[in-house]
Amino acid sequence: MLQRGCGDTDIEDLDIWIDQHIDYHRDHPELLRLLMWEALELGAENASAGELRCGRYQEKRAKVEVAQDKGLIRKDMPASCC
């Protein structure tokens, strides 16, 4: 179910990066519904592919931190909130 298609663009292309996330979730609304259902049924600690998902979120967080260091994104909000 997890796909690498959502947000693979370099963060320096911030508009494209955000647009890809929005487009992906608009085109695949079932993903969020399935993730929420899984969390209700199994709980966060038993989620399937949890480590893979965590890795993807860490990649995104790292991209936001790099963009903040380059001045492309404000630093007043921690990357962990993005």
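Cluster membership check: I22 shares its hydrophobic cluster with V64, using side-chain heavy-atom separations under 4.5 Å among Ile, Leu, Val, Met, Phe, Trp and Tyr.
Each of L34, L42, L40 was checked for a side chain to side chain contact (heavy atoms under 4.5 Å, CB included) with E38, and the lone residue meeting it is L42.
Rounding to the nearest 0.5 Å places NE2 of H21 at 14.0 Å from CZ of R26.
Side-chain contact between E65 and I73 is absent, with no heavy-atom pair separated by less than 4.5 Å.
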Working note: K63 + E59, criterion salt bridge (Lys or Arg N to Asp or Glu O under 4.0 Å); need CA distance, chi angles, decisive distance, verdict. CA-CA 6 Å; K63 286 182 178 186; E59 288 174 22; 5.8 Å; no
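For D15, the salt bridge (charged side-chain N to carboxylate O under 4.0 Å, His left out) criterion is met by no residue, not counting sequence neighbours. R33 pairs by the side-chain contact (heavy atoms from CB on, under 4.5 Å) definition with P29, E30, not counting sequence neighbours.
Across every non-hydrogen atom of R74 and Q68, the tightest pair is O-NE2, 2.9 Å.
Think of M36 as one node in a network of Ile, Leu, Val, Met, Phe, Trp and Tyr side chains linked at under 4.5 Å; its network also takes in L32.
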